[in-house]
Trainee: 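Pasting in a structure now, in structure tokens, and then I'll have a few things to ask.
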Amino acid sequence: MNFPRRRFLSSSGILFGTALLDALTAPLWKWKQSIFLDTASAAIPAGTSPVTFVDVGREAGLNIPNVWGGVTHKRSIVEAKGSGLAFFDYDNDGWLDIYLTNGNRLDAQWPAGKAPTSQLYKNNRDGTFTNVTEKSQLARTGWQTGVCVGDYDNDGWDDLFCCFWGHNILFHNNGDGTFSDVTQKTGLSQEQVRWGAGCTWLDYDRDGRLDLFVCNYMKLDPASIHPENETKYCQWKGIPVMCGPRGLVGDTNILYHNNGDGTFTDVSEKSGILKTGPRFSITPVSYDFDNDGWPDIYIAVDSQPSILFKNNHDGTFTDVAVIAGCAYDENGHEQAGMGVAVADYDCDGWLDIFKTNFADDTCNLYHNNGDGTFSDVTFASGVGINNQYVAWGCGFIDFDNDGWADLMQINGHVYPEIDGQQLGQTFKNPRLVYKNMGAGLFKDVSPEMGPGISERFSSRGAAFGDYDNDGDMDALILNLNDLPSLLRNHGGNRQNWIKIKLVGTVCNRTAIGARVRVVTGKHAQMDEVHSGTSVMSQSDLRLHFGVGRATTIDLIEVKWPTTQKLERFTQVAANQILTIREGSGIVGSVKPNTK
């Protein structure tokens, strides 16, 4: 694989080329690398792993395929983009349910009752799911893209916001297994057709009510798509393919402020988020990246600079991505950003960013320097070794509960026409798993991780969570024009863990933005409750921490987002699911499912 040459600035401003820098640092780097990779080899013999992933989707009852554009070729970019999905507990029974988006086909004329729709599956608590779509009233036909979950009206039931190429929908959770379309009532409807992509709930002004950020990908009028026999193809590596996004027109994003009365106000201009102009925005995430107590917003942008909106504490944001070092790759090049994962992967107390990109490029790992800047450590960390995939969903998950956040990357090309063309790339791809070796290093352990990782699909969205409540992290993956994958983690719970569900009382009920710190001995981890992420998807709102061999957590510290008050809990037994209510402490504890 040929990677771009890298250049670095020394503290004195002298520009060093890759060769000189490598010569200066090689002894130290090779020493550190050998220690951690040798340790990994000793712990995980070649070809084996104590943890594997197996796709149990069919056995679990996920038997309705995704429909998204043409199967063997695509004539419009909408057919290639795909969509996300969600793990969320819609009925508050403590078990993750599944929401699957769905798409359409251009010019399709579906027989009555046969059109593809979104799907809701209830967790039966025995490893299987029941399709409850009809009862839930969530079924919709259309090009549904992103999904994010949050309790916007603080009534105790998490609601569902769904993005579409067309018109977005806010579904209110009625608490009885049904949902109501309240888009018009809440002020979130728009007359014009727009291509909503990802979304995220956040409380940007810390008033205790969830606000909403929505990415719009591009302006694409359905009438502008040529009929099948008039398609004007572009080319990729000499192969005729659909066009975009370059040459097409980007769109602006939207920030909605929660008025506290069941309605929202569009504050996009007032907040300053329109100053970036139109972009091909896909996935937004909201975290406190600078540790100032206020939620910021990072956005993966396709074929243009990505965005980092710093919260100015006064209802406005400023894009600082360029000066912060997370808008481009380390060479200053624009990339085709798709998905985002966030974690403090090196446990230094600052949240880092992983961003997925297009084929012939690597994904990015941006290390948070703790001073308002990030360093692109893609190659130094070991995650820059794969560049042949179009990467989409992603997540930091501690798959083996050793206390260090690992990475899972979901892949799938956008051009089915490339199959059989001898290009070294295929439409369907395996997944990737990088094990966190500590000291900022990752190792590609994908070949050891079982059939759920090696099986090939053209995948898009991914959500992560413990759907069977057995103490290890599983994955839900959307596969274009195929059945979804439900990857069950086998062996991850051989080491210890703690899972925490937060319930806000002064802050938003979902506790989005709350930060949890878990300390075992000298090892401290932290994470925030978050909405959205991966690519246009929603993961488990509970926070999961592996704690290795520790049987007792020395300290659990919760910082609530509205008041910034701290609650501390000491000497907590591992291997349980805790519910912590703001101001009331630990109000529930559940032991793991051992079936």
Side-chain angles (χ1 to χ4, degrees), residues 4 68-70 72-83 103-107 143 145-146 163-166 192-198 214-254 274-284 299-307 319 321-322 327-329 331-339 355-361 364 387 389-392 412-418 421 423 425 427 458 460 480 535-536:
W68 202 276
T72 59
H73 77 103
K74 313 284 187 184
R75 74 178 199 258
S76 170
I77 190 172
V78 71
E79 297 182 90
K81 183 58 67 180
S83 57
N104 211 331
R105 301 206 199 286
L106 295 175
D107 310 322
W143 301 88
T145 48
C163 297
F164 285 79
W165 176 46
Q192 70 269 40
V193 170
R194 300 186 78 173
W195 190 345
V214 181
C215 283
N216 289 301
Y217 183 50
M218 66 172 57
K219 294 182 179 180
L220 184 66
D221 185 346
S224 68
I225 299 176
H226 294 284
E228 177 72 23
N229 59 358
E230 295 181 11
T231 299
K232 308 291 185 183
Y233 283 110
C234 294
Q235 287 195 350
W236 188 74
K237 297 190 176 183
I239 307 299
V241 296
M242 56 82 184
C243 301
R246 293 189 185 276
L248 302 177
V249 181
D251 202 353
T252 54
N253 301 320
I254 310 173
L274 297 183
K275 292 181 180 179
T276 58
R279 299 272 177 99
F280 300 123
S281 299
I282 296 182
T283 303
I299 306 166
V301 179
D302 189 358
S303 304
Q304 294 172 320
S306 289
I307 298 168
D319 180 15
V322 174
Y328 304 96
D329 71 4
N331 298 299
H333 296 152
E334 297 172 345
Q335 296 174 286
M338 309 288 192
K355 177 171 67 72
T356 58
N357 298 305
F358 202 79
D360 299 322
D361 194 359
N364 303 103
N387 73 340
Y389 302 123
V390 179
W392 296 90
H413 218 291
V414 298
Y415 306 129
E417 296 88 352
I418 68 174
Q421 299 295 327
L423 298 177
Q425 297 181 20
F427 184 61
S458 184
R460 297 296 186 267
L480 222 60
V535 68
M536 304 177 286

Trainee: Output side-chain donor-acceptor pairs under 3.5 Å for residues 235-243, partner residues at least two apart or in another chain, one line each.
Mentor:
from   : atom 1 : to     : atom 2 : distance (Å)
Lys237 : NZ     : Asp360 : OD1    : 3.4
Lys237 : NZ     : Asp360 : OD2    : 2.9

Trainee: Any heavy-atom pair between the side chains of Tyr328 and Gln304 that's under 4.5 Å?
Mentor: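 The answer is no, as the side chains (C-beta and beyond) never meet within the 4.5 Å cut-off.
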
Trainee: Which pair of heavy atoms, one from Cys215 and one from Ile299, lies closest together, and at what distance?
Mentor: SG-CG2, 3.7 Å

Trainee: Side chain of Glu79, backbone of Lys74: donor and acceptor closer than 3.5 Å?
Mentor: no

Trainee: Take the angle between the ring planes of Trp68 and Trp143 and call it parallel below 30°, perpendicular above 60°, tilted in between.
Mentor: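 Judged by the thresholds at 30° and 60°, the geometry between Trp68 and Trp143 is perpendicular.
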
Trainee: How long is the span from the CZ atom in Phe164 to the CG atom in Asn104, to the nearest 0.5 Å?
Mentor: 11.0 Å

Trainee: Mark yes or no for whether Arg460, through its side chain, and Gly412, through its backbone, hold a donor-acceptor pair below 3.5 Å.
Mentor: yes

Trainee: Report yes if the side chains of Asp251 and Pro278 come closer than 4.5 Å at any heavy-atom pair, otherwise no.
Mentor: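 No - every pair of side-chain heavy atoms lies 4.5 Å or more apart.
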
Trainee: Please enumerate all residues that pass side-chain hydrogen bond (donor to acceptor under 3.5 Å, both in side chains) together with Gln421, with sequence neighbours excluded.
Mentor: none

Trainee: For residues Asp319 and Thr276, is any side-chain donor paired with an opposing acceptor at under 3.5 Å?
Mentor: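 No, no side-chain donor-acceptor contact under 3.5 Å.
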
Trainee: Pairs under 3.5 angstrom only: tabulate donor-acceptor contacts from the side chains of residues 216-224 to other protein residues two or more places apart or in another chain.
Mentor:
from   : atom 1 : to     : atom 2 : distance (Å)
Asn216 : ND2    : Thr252 : O      : 2.9
Tyr217 : OH     : Lys81  : NZ     : 3.1
Tyr217 : OH     : Asp302 : OD2    : 2.6
Asp221 : OD1    : Ala223 : N      : 2.9
Ser224 : OG     : Asp221 : O      : 2.6

Trainee: Closer than 3.5 angstrom, by distance alone: can the side chain of Thr283 be matched with the main-chain N or O of Met338 as a donor-acceptor pair?
Mentor: yes

